[in-house]
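See below for the structure under consideration.
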Amino acid sequence: LDNGATLTGNLSVANGQSLTLKNGGGWTGTATVGVAGQNNGFLYLGTDTTLNNGLVFTGTNSQLTYPSSPRILTVSSTGSLTRTGAGGSTSSFNHIVNAGAVSVTGGTFFSSGNFTNQAGGFVSVSSNATFTQSSNAFVQTGGALKVDGTFNPGSAGLAIQGGSVSGIGTLTGNTTFTGGTLDPGNPTGTLTFSGNLILGPGATTLLEIGNASSDRIAGIGNLTFGG
């Protein structure tokens, strides 16, 4: 889809097939890349692209990739990117800027490019699902990150500059809050950090304490508490 060409309705990229987006091409409904229980579907970004509608990845090894060099996928306030389907994975080799919704509801989402979650953006990882960030950075400047499954931030660690982090899952690697809010639970419960957790003076920690249930922060690494 090139030069602003827009497909009306939904779109399916089946096993072994590929679709290239560039120069403003897109669709009005939801595009599904891959087929549940089958191997590959590929979405190529030929230019930097803004996602204004739904994009769903499924199958055992679907990919968000590029023909020559990494591009930027901006998920707008009306856009959504979802990885679904147990037992499979989706690999993104592009940079992602999220101001909409990025959801991992099943399987694993591998992000190899930089990932920025900004104001209005919501990233969620469901139970039994995994979000894995590579050596490139995952930075949250606003919005929200909710982890009920597993979030692996990679060697660069998870950098929270704004927004909130909540859930009852596990964050591996190192997490640094220079701003934003740590709000464990769903709505109450335990959020686990298996790496080091740094809460800087610009961070806020919210804990709900009650007779029946309370919030907890569990960890294996070191805790630096300043927020």
Side-chain angles (χ1 to χ4, degrees), residues 1-67 70-133 138 143-149 151:
L1 293 173
D2 192 4
N3 291 324
T6 300
L7 176 68
T8 301
N10 298 328
L11 171 67
S12 179
V13 182
N15 181 41
Q17 295 181 344
S18 65
L19 173 68
T20 298
L21 286 180
K22 57 182 181 178
N23 300 318
W27 53 86
T28 62
T30 297
T32 300
V33 180
V35 177
Q38 297 186 25
N39 192 19
N40 292 322
F42 302 91
L43 178 62
Y44 291 88
L45 299 185
T47 56
D48 294 346
T49 299
T50 298
L51 177 64
N52 294 313
N53 297 288
L55 175 58
V56 176
F57 288 91
T58 188
T60 58
N61 188 24
S62 50
Q63 295 186 22
L64 174 61
T65 186
Y66 54 85
R71 299 297 183 178
I72 299 173
L73 176 65
T74 299
V75 183
S76 75
S77 60
T78 61
S80 64
L81 189 159
T82 303
R83 162 66 215 184
T84 188
S89 66
T90 296
S91 298
S92 169
F93 300 99
N94 293 285
H95 308 304
I96 297 176
V97 177
N98 180 45
V102 174
S103 306
V104 186
T105 62
T108 300
F109 183 79
F110 293 100
S111 173
S112 295
N114 294 327
F115 194 110
T116 302
N117 195 40
Q118 59 186 29
F122 181 60
V123 178
S124 62
V125 185
S126 300
S127 60
N128 300 317
T130 301
F131 188 117
T132 296
Q133 180 71 26
F138 186 107
L145 169 62
K146 182 181 180 183
V147 180
D148 290 331
F151 186 96

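These numbers come from the heavy atoms of this one structure, side chains and all, not from hydrogens, waters or symmetry mates.
Using a 4.5 Å heavy-atom threshold, the side chains of R83 and S62 count as touching. Looking at heavy atoms from C-beta onward, N94 lies out of side-chain contact with T49 at the 4.5 angstrom threshold. Side-chain contact check for V147 versus F131: every heavy-atom pair is 4.5 Å or farther apart. Put simply, the side chain of V56 reaches to within 4.5 Å of the side chain of T30, judged on heavy atoms. Side-chain contact between T74 and D48: absent, with no pair of heavy atoms (C-beta onward) separated by less than 4.5 Å. Considering only heavy atoms from C-beta on, S89 comes within 4.5 Å of N61 through its side chain. For the pair V33/T90, no side-chain contact is recorded, criterion being any heavy-atom separation below 4.5 Å from C-beta on.
When all heavy atoms of A119 and A99 are compared, the pair lying nearest together is O-CB, 4.0 Å. Scanning both residues, F122 and N98, for their nearest heavy atoms gives N-ND2, 3.4 Å. Between Q17 and S12, the shortest heavy-atom contact is OE1-O, 4.3 Å. Taking each heavy atom of G106 and A129 in turn, the nearest pair found is N-CB, 3.8 Å. The minimum heavy-atom distance linking K146 with D148 is given by the pair CE-OD2, 3.3 Å.
The only option from T20, T47, N23 that meets the side chain to side chain donor-acceptor pair (under 3.5 Å) definition with D2 turns out to be N23. Checking T28, L19, T32 one by one against L11, the side-chain contact (heavy atoms from CB on, under 4.5 Å) holds for a single residue, L19. For the side-chain contact (heavy atoms from CB on, under 4.5 Å) with T105, the lone residue among V125, T82, N128 that qualifies is T82.
Counted by atom type alone, N52 and S76 present one or more donor-acceptor pairs between their side chains at under 3.5 Å. With hydrogens and angles left out, the side-chain atoms of S111 and Q133 include a donor and acceptor closer than 3.5 Å. For the residue pair T130/T132, the side-chain donor-acceptor check at 3.5 Å is not satisfied.
From T50, atom OG1 reaches atom CG of L21 across 11.0 Å, with rounding to the nearest 0.5 Å. Atom CD1 in I96 sits 10.5 Å away from atom CG in N114 (nearest 0.5 Å). S91 contributes atom OG, which lies 9.5 Å from atom CG of L64 (distance to the nearest 0.5 angstrom). A distance of 7.0 Å separates OH in Y44 from CD in Q63, rounded to the nearest 0.5 Å. Summarising the geometry, atom CG belonging to L1 is positioned 9.5 Å from atom CG belonging to L43; distances are rounded to the nearest 0.5 Å.
Distance alone, capped at 3.5 Å, is enough to place a donor-acceptor pair between the N53 side chain and the W27 backbone.
F115 has its ring centre no less than 6.0 Å from the ring centre of F109.
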